[in-house]
Number of protein chains: 2
Amino acid sequence: MGAATTISPPVHTAAQARIIDAAVALFTEHGVGGTSLQMIADAIGVTKAAVYHQYSTKDEIILAVAGVVLARLETAVGAAERERSRARAREALLGHMVDLAVERRRMAGILQRDPVMLRFLQEHEPFRRVMERVNRVLMGGASDPRARVQAATFPSAIAGTVVHPLVLDLDDATLHAQLTKQVRKLLQPR
Amino acid sequence: MGAATTISPPVHTAAQARIIDAAVALFTEHGVGGTSLQMIADAIGVTKAAVYHQYSTKDEIILAVAGVVLARLETAVGAAERERSRARAREALLGHMVDLAVERRRMAGILQRDPVMLRFLQEHEPFRRVMERVNRVLMGGASDPRARVQAATFPSAIAGTVVHPLVLDLDDATLHAQLTKQVRKLLQPR
DNA sequence: GTCTATAAATCGATAGAC
DNA sequence: GTCTATCGATTTATAGAC
């Protein structure tokens, strides 16, 4: 009943999973716009035609990469919306976002920072709807400049930090603990 | 005496300024890796060859775009380093970074988030040195995980926020005031 | 699922006229 | 400073064999 996943379900064959893994690594290094299907094929060790057999356009690959994280984000925002108060909802969502970003650092960096990916997601309705729900929860019921800037700061800080050179050699547990502390500071009334 | 600018000075002809402006807009929309010289030429209304007459490679255009902001960032970090204490130095630098990011939102977004630009700057020694100085000031004399994550959070939050869809229609003064408040929260000991 | 081969367009970059 | 014209390499994408 209800709450069906509107984001492409992360169900992949072995060949598709290899393509997605290679794409994430290349997107991180060269950006989505600077990554060709030839580069992906070379990274896996197959030809372009083999890649096209799995995903018939480059957009489908971008979609598949985004779907991995965004399906989980949709679940997280759904759970947050069911919390008893707006304050609890925001805290719960931020906790899930930190979990997700630390666990999949490179993907989080791509989804929140790559210009091509951002543009792609903005034009894709299911993704846009999820982001609107995320923003609504993060704004905590308000929509004034203060709430907007605050809501914008959370994902920016989270996604930017997990891929920052200064935290590259930190293990997940340490990064998670310290990042959580920083995000909590942003939650304070002043 | 000393403190000569090591970053390309922002001295441009009118033709060069047009190219840089068009490049910034296109880099924001399609990413550095997804922007071709043809696109830049079309945006200005000239041919590719005319663009090549100003900048003989695409890398020089990227460098010119980066130089505009980074020359000012170098000045800012130099001034911060002359403050009386590490705490004051950090506050001063963050103030300048917020100024710069709000004033040139799109450029800040590109410099801190575009994968190709980040990679390009990392391989460019003068820029890398400036970023090392910035990181040193932001870490405030420490180098433990707590200081690293904190230092990584500042630029991530600033650059990500100024280009976030939620703050697009906020005027500079409002954004500056609210962003300053958020950044101050991150500075708190807990 | 993977291959070879190819098409049509675009890429960064250069030469030379005006 | 801008143009036309062009180079060779690379791009997305398809056809068809195995």
Side-chain angles (χ1 to χ4, degrees), chain A residues 8 10-67 110 114-121 123-124, chain B residues 8 10-67 110 114-121 123-124:
Chain A
S8 62
V11 179
H12 311 117
T13 66
Q16 288 173 332
R18 281 200 304 275
I19 292 175
I20 292 178
D21 286 346
V24 169
L26 289 165
F27 286 174
T28 302
E29 194 166 356
H30 305 104
V32 176
T35 299
S36 69
L37 296 179
Q38 183 68 68
M39 290 162 75
I40 296 174
D42 288 348
I44 306 172
V46 298
T47 61
K48 263 188 305 181
V51 174
Y52 270 104
H53 185 260
Q54 304 297 333
Y55 298 103
S56 53
T57 63
K58 189 179 174 182
D59 280 4
E60 282 185 31
I61 298 180
I62 301 175
L63 204 74
V65 169
I110 296 167
D114 188 283
V116 178
M117 180 63 84
L118 289 171
R119 192 164 186 76
F120 186 85
L121 295 185
E123 288 166 1
H124 196 84
Chain B
S8 63
V11 179
H12 310 117
T13 66
Q16 288 174 332
R18 280 201 304 274
I19 292 174
I20 292 178
D21 285 346
V24 168
L26 289 165
F27 287 174
T28 302
E29 194 167 353
H30 305 103
V32 176
T35 299
S36 69
L37 296 180
Q38 183 69 69
M39 291 161 75
I40 295 174
D42 288 347
I44 307 171
V46 298
T47 61
K48 260 192 305 181
V51 175
Y52 270 104
H53 186 259
Q54 304 297 333
Y55 298 103
S56 54
T57 64
K58 186 180 176 181
D59 280 3
E60 283 185 31
I61 298 180
I62 301 176
L63 204 73
V65 169
I110 296 168
D114 188 284
V116 176
M117 180 63 84
L118 289 171
R119 192 164 189 75
F120 185 84
L121 295 183
E123 287 166 2
H124 196 83

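So that the names make sense, note that chain A is the first sequence line, chain B the second, and so on, each numbered from 1.
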Scan the side chains in residues 55-64 of chain B for donor-acceptor partners under 3.5 Å anywhere in the protein, sequence neighbours excluded, and list what turns up.
residue	atom	partner	partner atom	Å
B/S56	OG	B/E60	OE2	2.9
B/T57	OG1	B/E60	N	3.3
B/K58	NZ	B/V32	O	3.1
B/K58	NZ	B/T35	O	2.8

Donor-acceptor contacts, no H, no angles, side chain residues 15-28 of chain B, under 3.5 Å, sequence neighbours left out:
residue	atom	partner	partner atom	Å
B/Q16	OE1	B/T13	N	3.0
B/T28	OG1	B/V24	O	2.8

Reading DNA chain D 5' to 3', which nucleotide is the first, and which the last, to come under 4.0 Å of any heavy atom in chain B? D/dG1 to D/dT4
Gap separating the [atom1] atom of [X] from the [atom2] atom of [Y], nearest 0.5 angstrom:
| X | Y | atom1 | atom2 | result |
| --- | --- | --- | --- | --- |
| A/I40 | A/Q54 | CD1 | CD | 12.5 Å |
| B/L118 | B/E123 | CG | CD | 11.5 Å |
| A/S36 | A/K48 | OG | NZ | 8.0 Å |

Taking only residues two or more places apart in sequence or in another chain, which ones pass salt bridge (Lys or Arg N to Asp or Glu O under 4.0 Å) with A/E29? B/R119
DNA chain D contacts among residues 13-31 of chain B, heavy-atom distance under 4.0 Å: B/T13, B/R18
Using a 4.0 Å cut-off on protein heavy atoms (strictly under), produce a 5'-to-3' string for nucleotides 5-12 of chain C with B for base contact, S for backbone-only sugar-phosphate contact, and - for none. ------SB
